[in-house]
Amino acid sequence: MRKPFVAGNWKMNTDSQSSVDLAGRVGSGSSGVAGQTVDVAVCPPFVYLQSVVRAVAVSSVAVGAQDIYFEAKGAFTGEISASMLKDIGCTYVLCGHSERRHVIGETDDLINKKVIAAISGGLLPILCVGELQSEREAGLTNEVVTRHVKNGLSDLGREKASAVTIAYEPVWAIGTGLTATPEQAQEVHAFIRGLLAEMYDADLAAETRILYGGSVKPGNAAELMAREDIDGLLVGGASLKADDFLAIVQAAA
Ligand code: PEP
């Protein structure tokens, strides 16, 4: 049985005060469900991670980072390692978010190194995959998703792969207000689960949580969550408003 999982990606938003306020409201507002009927995480910018970890400490809300570097330590100016994030209380890390793929220019190879480093450093990676609008229109969705999943999990044995959550985020639906229909999302989620069964086995495929992301709002969360292979939601814009994010958490719980 896959426990639903809702994660908020705050991207490059909030400040020192509003990050703590938002985290505190998510923590108190999700008591009774977070950690019980739904796993909940927030992913603030690096500089607010420690204060957000403190703000949610009395709740069952976990904290994730939005990125890591794959080396453990050393002369990598500006970078942050998995063990540093673990050390300050992070549980999760996003790997391969579409903004890192398409704005920053991360490759599948780099993302794979980050997934491996996250697990080695004791974090649970959320591997983001998904096609561009042009790729969907060209009928390439399954091909792109296959490449992202296979390359993202390259060299990961079964045990390590079981630490990974996949997030299907069609790029054309991220921050655009366009949401994949529940049917479109379900189709790709089922495809990804089949891929995991091929790459590993049916048990791993059945256990792996596959989140949907792309303009999730309180108004569409329940119908997405009702689909068989949609196990949770990765939420960007709506995670910046405590009431909206909590309504999404409730819809998933
Ligand atoms: C995201 O950042 O992962 C995301 C899905 O953003 P939004 O919900 O704003 O589309």
Side-chain angles (χ1 to χ4, degrees), residues 4-14 18-19 22-23 26 38-46 48-49 52 62-68 90-106 111 114-115 118 124-133 135-136 141 144-145 148-149 152 164-182 184-186 188-189 192 209-225 227 230-252:
F5 178 22
V6 177
N9 174 16
W10 296 358
K11 310 194 190 196
M12 200 170 73
N13 292 299
T14 69
S18 61
S19 57
L22 178 56
V26 169
V38 57
D39 286 334
V40 180
V42 292
C43 304
F46 279 129
Y48 308 131
L49 280 168
V52 165
V63 178
Q66 297 175 18
D67 187 29
I68 52 165
C90 287
T91 304
Y92 297 98
V93 62
L94 303 179
C95 295
H97 188 277
S98 74
E99 286 145 21
R100 297 212 62 86
R101 289 180 190 269
H102 299 294
V103 181
I104 314 289
E106 290 194 3
I111 294 160
K114 291 183 175 192
V115 170
L124 300 173
I126 301 173
L127 172 64
C128 304
V129 306
E131 80 286 2
L132 298 164
Q133 175 127 36
E135 292 167 332
R136 175 162 280 262
T141 299
V144 172
V145 164
H148 288 172
V149 172
V164 179
T165 296
I166 309 270
Y168 169 57
E169 299 205 299
V171 181
W172 49 272
I174 297 180
T176 58
L178 295 174
T179 316
T181 64
Q184 284 173 320
Q186 165 59 29
V188 181
H189 282 230
I192 293 171
R209 292 191 289 196
I210 306 175
L211 316 184
Y212 168 78
S215 299
V216 174
K217 303 173 208 72
N220 59 21
E223 57 176 6
L224 286 159
M225 285 302 299
R227 298 300 158 135
I230 302 183
D231 308 315
L233 302 163
L234 179 53
V235 187
S239 70
L240 294 169
K241 293 184 192 139
D243 289 344
D244 284 1
F245 188 63
L246 288 168
I248 293 167
V249 168
Q250 289 296 342

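Just follow the structure's listing: the first ligand is 1, and inside any ligand the first atom is 1. Just so you know, residue 1 is the first one in the sequence shown, and it goes up from there.
In this structure, the protein non-hydrogen atom closest to atom 1 (C) of ligand 1 is His97 NE2, 3.2 Å. With hydrogens left out, the protein atom closest to atom 5 (C) of ligand 1 is Glu169 OE2, 3.0 Å, a heavy atom. Regarding atom 2 (O) of ligand 1, its nearest protein heavy-atom neighbour is Lys11 CE, 2.6 Å.
Listed by number with element, the atoms of ligand 1 under 4.0 angstrom from any heavy atom of Ala173 are 10 (O). Taking a cut-off of under 4.0 Å to the non-hydrogen atoms of Gly175, the atoms of ligand 1 that pass are 7 (P), 9 (O), 10 (O). Using a 4.0 Å cut-off to heavy atoms of Ser215, the atoms of ligand 1 that qualify are 7 (P), 8 (O), 10 (O).
Applying the side chain to side chain donor-acceptor pair (under 3.5 Å) test to pairs two or more places apart or on separate chains, those with a residue in residues 230-248 are Arg2-Asp231, Arg25-Asp243, Arg193-Asp231.
Put simply, no part of Ser239 is less than 4.0 Å from ligand 1, judged by heavy atoms.
Of the residues listed (Lys11, Arg101, Lys114), the one engaging Asp67 in a salt bridge (Lys or Arg N to Asp or Glu O under 4.0 Å) is Lys114, and it is the only one. Test Glu131, Arg136, His102 against Val171 for side-chain contact (heavy atoms from CB on, under 4.5 Å) and you get one pass: His102.
Under a 3.5 Å cut-off, the side chain of His97 and the backbone N or O of Cys128 do not form any donor-acceptor pair.
With a 4.0 Å cut-off on non-hydrogen atoms, Ile174 touches ligand 1 through its backbone as well as its side chain.
Partners of Ala62 by side chain to side chain contact (heavy atoms under 4.5 Å, CB included), not counting sequence neighbours, listed by chain and number: Ala41, Thr91, Tyr92.
Side-chain atoms of Trp172 and Glu135 include no donor-acceptor pair closer than 3.5 Å.
Between the choices Gly237, Cys43, Gly214, the shortest heavy-atom distance to atom 9 (O) of ligand 1 belongs to Gly237. Looking at Gly213, Ala7, Gly236, Ala238, it is Gly236 that brings a heavy atom closest to atom 4 (C) of ligand 1.
Closest approach of Pro218 to Ala247, counting heavy atoms only: CB-CB, 3.9 Å.
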